[in-house]
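In the text below, chain A, chain B and the rest are named by the order of the sequence lines, each starting its count at 1.
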Amino acid sequence: MKNLEISRIFHSIAQILEIKGENIFRIRAYERAALALEGIDNIEDYANEDKLTDIPGIGQDLAAKIKEYLSSGKISYFEDLKEEIPEGILELLKVPSIGPKTAKLLYEKLKIKNISMLEKFAKEGKLLGLEGVKEKTVENILKGIAIVKRGSERLDIASACEIADRFIKELNSLKEVKRIEVAGSLRRMKETVKDIDILAISGKPQKVMDAFCGCGEVKEITAKGITKSSVLSKDGTQVDLRVVKADSFGAALMYFTGSKSHNIKLRTLAVRKGWKINEYGVFSVKTKKCLASKTEEEIYDLLGMRYIEPELREDTGEIEAALKNKLPKLIQLNDIKGDLHVHSNYSDGKNTIAEIAQACKSKGYEYVAVSDHSEALKVAGGLSLSDLKRKKNEIDKLNKKMKNFVIFYGSEIEIDSSGNLDYNNAILQEFDFVIAAIHSGFKQSKEQLTRRIVKACRNPNVDIIAHPTGRLWGTRDSYELDFEEVFKAAKDTNTALEINGFPNRLDLADTLIRAAKEKGVKFAIDTDSHMTEHLDYMKFGVAMARRGWLQKEDVVNTLSLKQILKFKK
DNA sequence: GCCGTTTTCGGCCCGACTGTTTTCAGTCG
């Protein structure tokens with residue numbers, strides 16, 4: 001992903017400039033641009049159409065640097081900067097409690113160039129002579145190094161939800177807590193999160209803070225104040241709690257939900273109107289009077305815009321859309337009428353088809369497609385032709401017994417290395433739903449992988465492409481695809497692209513969903529369940545769809561039983 | 001370095017907590 005490579009370089013440039021003590025606004029411009037680029041998956045399209053400066057935060061200068069990187073793989077300005085400040089010093093900034101000023105001090109006074117040198121110096125007491133450094137600072141640096149060493153992996157959304165729930169449950173039992181909510185990137189439902197933010201209402205913040213820091217889940221307290229504290233949970237996740245009064249809950253929730261760039265843009269808009277936004281409310285600069293604070297709705301309303309759902313708050317056009325009253329009406333969990341990608345014990349799933357059907361029915365669904373692996377995927381118990389026959393018979397029998405619910409006979413079919421499907425067309429025609437997927441040959445070229453998926457779309461029996469980019473969080477990166485080609489093929493052949501709700505997949509990614517939607521592609525939100533408990537992952541799939549600005553109409557499994565029969569090929 | 005209902009210059013979001021100071025700079029979100 002070129003956009004992420006450039007984003008990282010801009011971020012590094014900002015850090016080097018900060019160490020050099022350059023103009024803070026120039027530094028912010030690089031940081032802002034780095035953030036903006038994270039959300040642009042088709043940066044080459046912007047460059048080719050000469051539209052780079054359409055991206056907020058990208059002007060003439062940065063556009064030229066992006067073009068330079070796309071054509072040469074380098075940004076000469078960055079190469080020059082690295083001559084001045086060794087790149088290794090940026091490593092020091094990863095240590096919590098070390099920022100640019102400290103990094104500069106460590107490099108200039110002691111020639112410390114990396115974390116292992118820093119650890120050695122700290123343990124030998126050699127940092128103590130430095131200006132403003134005493135025992136406590138050294139202690140914090142060593143703690144910080146321990147945190148970096150433990151690894152900075154981001155938490156998957158499901159684990160983060162579990163940790164947050166445990167804290168919230170414990171705090172909610174206090175009579176001093178009037179209300180408590182998750183905020184931060186978890187409320188925005190980002191695929192992975194770095195830390196967990198929790199916001200509470202209470203008139204007795206000190207009591208709440210004491211309870212929070214004393215939670216059974218807490219391993220270490222990193223900061224404890226009257227209204228704000230940070231702890232590390234037993235599994236090493238940072239959890240922040242902020243306590244405010246009921247009057248400022250809306251403003252605090254907004255501030256604490258972010259994203260940072262969303263907040264900055266709102267605050268900038270407010271400044272132009274002679275207002276100031278902080279976590280306590282919107283205030284008139286002149287009269288100091290509070291104009292709105294209790295709910296998020298009244299704040300957005302005051303700013304002259306529609307309420308913006310948390311999943312959209314990334315400063316990728318949602319504020320402009322809200323001002324023009326052009327926000328989409330986002331899909332909701334209860335719009336979903338069925339799950340089209342579920343594994344049974346015929347392949348590598350745990351439950352019987354009857355159990356799956358019952359669980360789906362009790363969720364209020366009208367249908368489920370039991371789509372086990374195809375024969376080639378032996379490791380996952382892919383079904384032979386005789387298995388298929390047995391499975392079809394069982395489904396037919398169950399369907400005769402079930403009322404107001406239908407089990408579809410489905411399969412998740414292997415796309416082989418040249419784009420052919422595992423079963424022949426005569427067998428494929430038998431299925432109610434065919435989901436095609438790549439599970440091997442990830443290292444092929446972008447062209448080969450694209451051709452495989454496009455070929456699968458063109459097969460008249462294929463209804464859905466499962467987990468289209470194959471990424472597994474923390475294990476495997478996406479394989480490379482020409483998305484323009486894939487989206488076009490999906491649109492032209494009326495093949496839905498899957499949004500896979502399984503927490504370590506969540507694939508397609510939100511930015512790609514949005515790009516595909518603009519090309520007119522339809523989607524299926526599935527769970528890829530391997531046991532009935534996994535059916536709950538639908539909420540994560542729907543969250544990704546919402547982050548991709550999808551409406552009910554964009555998603556095929558919001559269709560009623562009658563309607564979806566018309567969709568499938 | 002970006003940006004514009006204060007438009008080509010002169011602004012640029014805002015506050016809590018910590019450690020080391022004795023009023024504040026640095027870090028973080």
Side-chain angles (χ1 to χ4, degrees), chain A residues 10 13-15 17-19 21-36 52-66 77 92-106 127-128 130-141 143-144 147 183-185 193-199 205 209 213 221-231 238-244 248 251-252 254-283 285 303-304 315 323:
Chain A
F10 283 177
I13 291 176
Q15 290 184 316
L17 293 177
E18 208 164 348
I19 290 172
E22 292 262 348
N23 180 303
I24 183 69
F25 298 109
R26 200 166 153 235
I27 294 165
R28 278 190 202 155
Y30 275 100
E31 270 169 357
R32 189 175 170 220
L35 272 176
L52 286 169
T53 51
D54 286 2
I55 302 168
I58 304 292
Q60 290 303 321
D61 185 276
L62 293 184
K65 289 189 167 77
I66 293 171
Y77 176 61
L92 299 180
L93 296 176
K94 290 184 187 143
V95 178
S97 86
I98 292 188
K101 295 289 191 296
T102 315
K104 186 183 183 187
L105 186 75
L106 293 169
L127 302 181
L128 286 169
L130 292 173
E131 192 186 336
V133 176
K134 294 207 165 164
E135 278 84 0
K136 194 77 187 175
T137 306
V138 177
E139 197 182 304
N140 283 340
I141 287 175
K143 272 186 194 167
I147 290 172
S185 52
V193 303
K194 195 162 83 30
D195 55 19
I196 292 168
D197 301 305
I198 300 172
L199 179 69
M209 282 306 162
C213 292
I221 302 163
T222 46
K224 188 182 178 193
I226 305 162
T227 67
K228 185 179 165 185
S229 294
S230 292
V231 301
Q238 183 179 324
V239 185
D240 298 338
L241 175 71
R242 184 83 191 246
V243 181
V244 297
S248 46
M254 217 160 142
Y255 152 78
F256 223 24
T257 298
S259 65
K260 193 173 175 174
S261 40
H262 177 87
N263 286 349
I264 289 176
K265 183 162 275 183
L266 289 183
R267 288 171 182 202
T268 308
L269 282 178
V271 167
R272 287 200 204 114
K273 292 175 187 270
W275 302 335
K276 179 179 79 166
I277 303 180
N278 56 28
E279 56 263 57
Y280 303 108
V282 184
F283 298 87
V285 173
L303 292 168
D315 187 23
L323 284 167

Asks: Take atom CD1 in A:Ile226; do more than 12 heavy atoms of anything else shown fall under 6.0 Å from it?
Replies: no
Asks: Give me the atom names and distance for the closest heavy-atom approach of A:Lys224 to A:Ser229.
Replies: CA-OG, 3.4 Å
Asks: I want to confirm an ordering. Mapping A:Thr222 and A:Arg26 to their closest nucleotides on DNA chain B, which one lands closer to the 5' end?
Replies: A:Arg26
Asks: When the C1' atoms of B:dC9 and B:dC14 are compared, how many Å lie between them, rounded to an integer?
Replies: 25 Å
Asks: Using whole Å, report how far NZ of A:Lys260 lies from C1' of B:dC14.
Replies: 11 Å
Asks: Using the side-chain heavy atoms of A:Asn140, tell me which of these nucleotides is nearest: B:dA16, B:dG19, B:dG15.
Replies: B:dG19
Asks: In whole angstroms, how far is the P atom of B:dG1 from the CG atom of A:Leu52?
Replies: 16 Å
Asks: Look at the side-chain N and O atoms of A:Lys134 and state whether any lies under 4.0 Å from the OP1 or OP2 oxygen of B:dT21.
Replies: yes
Asks: Just say parallel, tilted or perpendicular for the rings of A:Tyr77 and A:Tyr30, cut-offs at 30° and 60°.
Replies: parallel
Asks: Whole-Å distance between B:dC14 C1' and A:Tyr280 OH?
Replies: 11 Å
Asks: Could you let me know what B:dT8 is paired to, Watson-Crick or G-U wobble, both distances under 3.5 Å, or none if it's on its own?
Replies: none
Asks: At less than 4.0 Å, is any side-chain N or O atom of A:Lys224 found next to OP1 or OP2 of B:dT18? Yes or no.
Replies: no
Asks: Of the candidate nucleotides B:dG29, B:dC3, B:dT18, which contains the atom at the shortest distance from the side chain of A:Arg32?
Replies: B:dC3
Asks: Would you tell me if any nitrogen or oxygen in the side chain of A:Thr227 comes within less than 4.0 Å of OP1 or OP2 on B:dA16?
Replies: no
Asks: Taking the minimum atom-to-atom distance to the side chain of A:Arg267, which one of B:dG15, B:dC13, B:dT27 wins?
Replies: B:dC13
Asks: Between B:dT5 and B:dG15, how far apart are the P atoms? Round to whole Å, please.
Replies: 25 Å
Asks: Could you please name the option among B:dC13, B:dC2, B:dC28 that lies closest to any side-chain atom of A:Arg28?
Replies: B:dC13
Asks: Just to be sure I understand the rule, does A:Ile226 reach a base, reach only the sugar-phosphate, or reach nothing, if contact means heavy atoms closer than 4.0 Å?
Replies: sugar-phosphate
Asks: Should A:Trp275 and A:Leu303 be marked as a side-chain contact (heavy atoms from CB on, under 4.5 Å) after you check the CA-CA gap, both sets of side-chain angles, and the distance that decides it?
Replies: CA-CA 10 Å; A:Trp275 302 335; A:Leu303 292 168; 4.0 Å; yes
Asks: Measuring to OP1 and OP2 of B:dG1, would you say a side-chain N or O of A:Lys65 lies under 4.0 angstrom away?
Replies: yes
Asks: Have a look at A:Leu266 and say if it touches a base, only the backbone sugar-phosphate, or nothing, with a 4.0 Å heavy-atom cut-off.
Replies: nothing
Asks: Give one of base, sugar-phosphate or nothing for A:Ile264, where a contact means two heavy atoms less than 4.0 Å apart.
Replies: base
Asks: Let's see if you can work this out: which of B:dG1, B:dG29, B:dG15 has an atom nearest to the side-chain heavy atoms of A:Phe25?
Replies: B:dG1
Asks: Between B:dG1 and B:dT6, how far apart are the P atoms? Round to whole Å, please.
Replies: 27 Å
Asks: At under 4.0 Å between heavy atoms, what does A:Arg242 touch on the DNA or RNA strands: base, sugar-phosphate, or nothing?
Replies: sugar-phosphate
Asks: For nucleotides B:dG19 and B:dT23, find the distance between their C1' atoms and express it as a whole number of Å.
Replies: 13 Å
Asks: What closest approach, in Å, do A:Leu52 and A:Ala63 show between heavy atoms, and which atom pair accounts for it?
Replies: CD1-O, 3.7 Å
Asks: Between P on B:dC28 and CD1 on A:Ile141, what's the gap in Å once rounded to a whole number?
Replies: 11 Å
Asks: Heavy-atom nearest nucleotide on DNA chain B for A:Gly274 versus A:Ile58: which residue maps closer to 5'?
Replies: A:Ile58
Asks: Mind checking the CG-CG spacing from A:Leu92 to A:Leu105? Nearest 0.5 Å is all I need.
Replies: 11.5 Å
Asks: When rounded to the nearest 0.5 angstrom, what is the spacing between CZ in A:Arg32 and CG in A:Leu62?
Replies: 10.5 Å
Asks: From the options B:dC28, B:dG4, B:dG26, select the nucleotide whose nearest atom is closest to the side chain of A:Arg272.
Replies: B:dG4
Asks: Counting any heavy atom closer than 4.0 Å, what does A:Thr102 reach on the DNA or RNA strands: base, sugar-phosphate only, or nothing?
Replies: sugar-phosphate
Asks: CH2 of A:Trp275 versus P of B:dC12: gap in Å, rounded?
Replies: 18 Å
Asks: Side-chain N or O of A:Asn278 versus OP1/OP2 of B:dG15: is the shortest distance under 4.0 Å?
Replies: yes
Asks: On the nucleotide B:dC28, are OP1 or OP2 found under 4.0 Å from the side-chain N or O atoms that A:Ser230 carries?
Replies: no
Asks: How far does the P atom of B:dA16 sit from the matching atom of B:dG10, given to the nearest Å?
Replies: 33 Å
Asks: Between atom CD1 in A:Ile221 and atom P in B:dT18, what is the gap in whole Å?
Replies: 10 Å
Asks: For the side chain of A:Lys136, counting heavy atoms from C-beta on, which of B:dA16, B:dT20, B:dC13 is nearest?
Replies: B:dT20
Asks: Once you apply a heavy-atom cut-off of 4.0 Å, does A:Tyr255 come out as touching a base, just sugar-phosphate, or nothing?
Replies: base
Asks: Is there a side-chain polar atom (N or O) of A:Gln238 under 4.0 Å from OP1 or OP2 of B:dC28?
Replies: no
Asks: Regarding A:Ser229, tell me which of base, sugar-phosphate or nothing describes its non-hydrogen contacts under 4.0 Å with the strands shown.
Replies: nothing
Asks: What's the closest nucleotide to the A:Lys228 side chain, out of B:dG1, B:dC13, B:dA16?
Replies: B:dA16
Asks: Ignoring the backbone of A:Lys276, work out which of B:dG15, B:dG29, B:dG26 is nearest its side chain.
Replies: B:dG15
Asks: Tell me whether the OP1 or OP2 atom of B:dG1 has a side-chain N or O from A:Tyr77 closer than 4.0 Å.
Replies: no
Asks: Please give, in whole Å, the distance from B:dA25 C1' to A:Ile98 CD1?
Replies: 16 Å
Asks: Between B:dT8 and B:dC3, how many Å separate the two P atoms, rounded to a whole number?
Replies: 16 Å
Asks: Would you kindly give the CZ-to-C1' distance between A:Phe256 and B:dA16, to the nearest whole Å?
Replies: 10 Å
Asks: Touch check for A:Ile277, heavy atoms < 4.0 angstrom, all strands: base, sugar-phosphate only, or nothing?
Replies: sugar-phosphate
Asks: Can you check the distance between B:dC28 and B:dT22, where both ends of the measurement are the P atom (answer in whole Å)?
Replies: 24 Å
Asks: Distance check, P atoms only: B:dT21 and B:dT27, in whole angstrom units.
Replies: 15 Å
Asks: Closest to the A:Leu62 side chain: B:dC14, B:dG1, B:dG29?
Replies: B:dG1
Asks: Taking all non-hydrogen atoms of both residues, which atom of A:Ser185 and which atom of A:Val193 are closest, and how far apart?
Replies: OG-CG1, 3.4 Å
Asks: I'd like to know whether A:Arg242 forms a salt bridge (charged side-chain N to carboxylate O under 4.0 Å, His left out) with A:Glu279, so could you lay out the CA-CA distance, the side-chain angles of the two residues, the decisive distance to 0.1 Å, and finally the verdict.
Replies: CA-CA 10 Å; A:Arg242 184 83 191 246; A:Glu279 56 263 57; 3.0 Å; yes
